[in-house]
K.L.:
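First the structure, then my questions, so here it is.
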Amino acid sequence: MWYMKRRSFDTSRCAVIDEFVDLFWKHRDRSDPRPVVAGYGHQFFPEELVAACGLDPVNLLVGGSEEWQTRGMDYLTPTSCVFSRQMIGLLEAARDGRHGLPPVKAMIHSNFCSGDWHSMEAIHRYFGVDALTIAVPYKATARALALLAGNLRRLAGELAALAGSGVDEGLLSRSIEQARRLQNAASRYARLPVAGDRKLRDYYEIALAPWEQRVEVANRLVETRGREAGGSGALPLNIVLTGSPVLVGDKFSSLLDALDVPVRFYDFHFADQLGLKRVPAGPGDLVALKRHVDFTDPFQVLAAYYLEVAAPERMVQGVVDHLNERVRAIVDYVRFLPDDQAIDGVVSHVLKFCDVYGTDRTPFKARVQDIHGIPVLDIERDYSASSTGQITTRIEAFKEMLVARKKHADVLE
Amino acid sequence: MPRNMASDTIDFPSYLQMSVDFFSAPAIIEEARKSRKIGGLTFPFAELLIAGGVVPIFVPRLNKGRRYDVINAAIAARNALGMRNIARGLDFLRSVDGSGTVINVAGGIINDIISSLNETYEDAAKDAINTGTPIDHCYGARALFGLYKKLGHLIDVNLGIDLRCSVFFNYHESLEINKFVKNNYILDMPYEDSAAGLDFYEQEVWDFLRFQEKATGRRFDEAKFRNVLEDANAAKELIKGVFLDIAPGDVLPCSPATFSVLNSLLVYSQIDYNSRLQRYVEGLKALVQEMHDRVDQPSKRFDATGRPRLIYTPMFGGFEPEIAQYADEIGARVYYPDWVIYGACEPVKTTGNLVRNYAEGLMRFQHGFGFNNEEMANNIVSVARRMKADGIIFCEVFGCRSMCTGHRMLKDLIRHDGLELPVNVITFNNIGDSIGQVKTRVSAMVEMLKGR
């Protein structure tokens, strides 16, 4: 790389990365690490494909570092998404090799948003990390399906070459089936009256487990939490946390716990969304693309999933109103609650300069509140500690309002 | 009498003509609506609209600014007397008016008209915030959102061409979510230049053409499309000539400040060809010819020898217009070759499969902005070299998380290649913000360049 610079960085101070590293190794053998292909904390990371090619997919679900967020400004702009800036800071820091992760063979470079696309370019150009590109169109159309399926096939070839193997469609089909089983397990987990940071950590553990072990890890957690929860009463409030994901190292979720507003549903792609979304198995699982997918072709199935199911909030136009899809999904969490319970409130969490979740904040809030009558607390933040006080005050006020509202509703009943 | 924008403009009839045409969009569109449909767009790809019988409009032009009364008067006067006669008349008045009143009045009006366009953007950007557009969206997206909110109802079909920017995709969709436009088509992009990517683009274009037909009731005319492409190619060639032949020279057809304003007029007018392509091409031919003529006339030309040439980019999404005037005052010149850099001045082949050729043109546009920042940086440097630029002012628009993230790569590329081409990164949020700071930085750059 023609303009690589080396900077020394003391990773021993990094609680954020330590926590992530611990989770990474929890279900892996340190003495026998497999080659890792990493991606960012967003939806367009085809882990099914990476796993099917014999590699270890690791979604870098890391957040919360103010220092790395600031470092990233050297490579992007101050108004680039704080997460993408942070990831640059993380990868810059990780070059010294003292972080405890095995070397990353390559990273998946996706266009989920401008932040992902440009930060990944910087990481590739400046830190010498190999990037394998997967660009997803913005509209779920038949031609987008054909293009993306072709790109996934190409990516599979590149991954297989990295692994020293060939592309096996049968393995990919099995990997997709595994994804569906994981989604089923997540659906069972979502029904358990588990809330708060502990729940989020369970999801981190599942998401960071080796691909072939995730269903087992998830089922074990369903069993364990089911036993712990057995006979426990309803939670005082059922809160959905949505928007920019809260990742390993980011204390926002534990802040909510500390303020006695534990989150019942984490509306993130690696968390409770798993229970709502399915890699399509047949035409009935799709709307826009149902007539166009050859369900015997796993690449088309995956492409349809990424275009139509995985992240409607990122897509544009088409037969589906994407904002309505996102709102519907929030409201749909009620299916995991007993009949006598409802979603009491939504915390819309947006990291500063987030394209995808920031653009529609206002109409999202309006639709959830005005159409569905569910109060929304809109929080915009970055990873700095300076705004914690203000955010705390707002969360406390929101909680008070929800409690009063619920008492009033109970009295009326 | 010192050379200034007013004195340049009043005896520059083809420039006056183009300015009046640019600012008279409300009248043109009002007339056109009687028999045609109106199509909105943001990037210079009006050919698809024109070939579909639709009158293209870049929405900011639809706004009647503060001095629209003057534009109306100018249109009436031009229709009665012709622009050359007006220019001669003004020139005559200037020659007999020793006090400079004519120039000052004319110059004030011209400045007012240009300022009112900038005010249009400013007001719209602020209005967008009040409607819920995130404050950290780029200026361009905010301003356009606000303008579409105000004027989108005048548009019958809207073509949203996108780049490698997720905010812009979201902005285009927000026009629908908020019901600002009736028929909105977002052209998806393939993010790769491959046979499959080109097929994708071609199918997107065909899909838009069918969408447009349905929205307007008029068939896309392929024979007309050929003629439109030929005219558009001619326009692009002329525009390129202004930036690549005239701008690098030591003699300019007018003062540097006026030439900068002319640059910006070319950037914005190319988007919709001032809604009348053939007239635009004729006007451009006259403009370029007059520029060459003025370069040959000692009384009209401007000797810019020794004045550093500064490329200011990107400017199409929002820029600080005062910088060009300031640069002129301190002995430099500022150019805005955005569409030359970003691939919108390349001709489209007019033989064979025209829609496919057009898709190739769109692909070149994507390459112009770059599928990545390194590509964009190379394009900026390439055009800067062709224009013999002495420095680059890179405008980092607040809220831009796409192309403006390329500032670092631009500097590193120049350093790596050992080029003597300093880059000054300035930030832009709203017009007039931090103007003092920006001037200080530009001043330092010019001093450094002059000292070489």
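Labels below follow one simple rule: chain letters A, B, ... track the order of the sequence lines, proteins then strands, and each chain is numbered from 1. All values below were derived from every heavy atom in this structure, side-chain atoms included, with hydrogens, water molecules and symmetry-related copies excluded.
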K.L.:
State whether Tyr75(A) and Arg85(A) meet the cation-pi test: NZ (Lys) or CZ (Arg) under 6.0 Å from the six-membered ring centroid, and within 45° of the perpendicular axis.
P.N.:
no
K.L.:
Please classify the contact between Asn184(B) and chain A as side chain, backbone, both or neither, with a heavy-atom cut-off of under 4.5 Å.
P.N.:
both
K.L.:
Below 4.0 angstrom, N of the basic side chain to O of the carboxylate: do Lys352(A) and Asp136(B) qualify?
P.N.:
no
K.L.:
Relative to chain A, which segment of Phe168(B) carries a heavy atom at a distance below 4.5 Å: side chain, backbone, both, or neither?
P.N.:
neither
K.L.:
Students often mix this up, so state it plainly: with edges at 30° and 60°, are the rings of Tyr121(B) and Tyr139(B) parallel, tilted or perpendicular?
P.N.:
parallel
K.L.:
May I have the step-by-step check of ring-ring contact (aromatic ring centres under 6.0 Å, His included) for Phe371(B) and Tyr191(B), ending in yes or no?
P.N.:
CA-CA 6 Å; Phe371(B) 284 101; Tyr191(B) 271 85; 7.2 Å; no
K.L.:
Would Ser80(A) and His118(A) count as having a side-chain donor-acceptor pair, cut-off 3.5 Å?
P.N.:
no
K.L.:
Charged N to carboxylate O under 4.0 angstrom, Lys126(B) versus Glu122(B)?
P.N.:
yes
K.L.:
Pick one of side chain, backbone, both or neither for His172(B), based on which atoms fall under 4.5 Å of a heavy atom in chain A.
P.N.:
neither
K.L.:
Less than 6.0 Å separating the ring centroids of Trp117(A) and Phe112(A)?
P.N.:
no
K.L.:
Show your reasoning for whether ring-ring contact (aromatic ring centres under 6.0 Å, His included) applies to Tyr171(B) and Phe145(B).
P.N.:
CA-CA 7 Å; Tyr171(B) 145 73; Phe145(B) 183 92; 7.2 Å; no
K.L.:
Do you know which of Val425(B), Val167(B), Asn372(B) has the most heavy-atom pairs with chain A at a distance under 4.5 angstrom?
P.N.:
Asn372(B)
K.L.:
Please state whether the side chain, the backbone, both or neither of Pro190(B) comes within less than 4.5 Å of a heavy atom of chain A.
P.N.:
both
K.L.:
Can you spot which of Asp338(B), Ile392(B), Ile426(B) makes a side-chain contact (heavy atoms from CB on, under 4.5 Å) with Tyr312(B)?
P.N.:
Ile426(B)
K.L.:
In terms of heavy-atom pairs under 4.5 Å with chain A, which of Ile135(B), Asn170(B), Ile186(B) leads?
P.N.:
Ile186(B)
K.L.:
Is the closest basic N to carboxylate O distance between Lys149(B) and Asp127(B) below 4.0 Å?
P.N.:
yes
K.L.:
Judged by atom type as modelled, is there a donor-acceptor pair below 3.5 Å linking the side chain of Asn111(A) to the main-chain atoms of Cys113(A)?
P.N.:
no
K.L.:
How would you list, in number order, the residues of residues 297-316 of chain A that have a heavy atom less than 4.5 Å from chain B?
P.N.:
Met315(A), Val316(A)
K.L.:
Side chain from CB out, backbone as N, CA, C, O: work out which of these in Ser174(B) comes under 4.5 Å of a heavy atom of chain A, or both, or neither.
P.N.:
neither
K.L.:
Is Cys400(B) in contact with chain A via its backbone, its side chain, both, or neither, using a 4.5 Å heavy-atom distance?
P.N.:
backbone
K.L.:
Can you pull out the residues in residues 200-208 of chain B with any heavy atom less than 4.5 Å from chain A?
P.N.:
Phe200(B), Gln203(B), Glu204(B), Asp207(B)
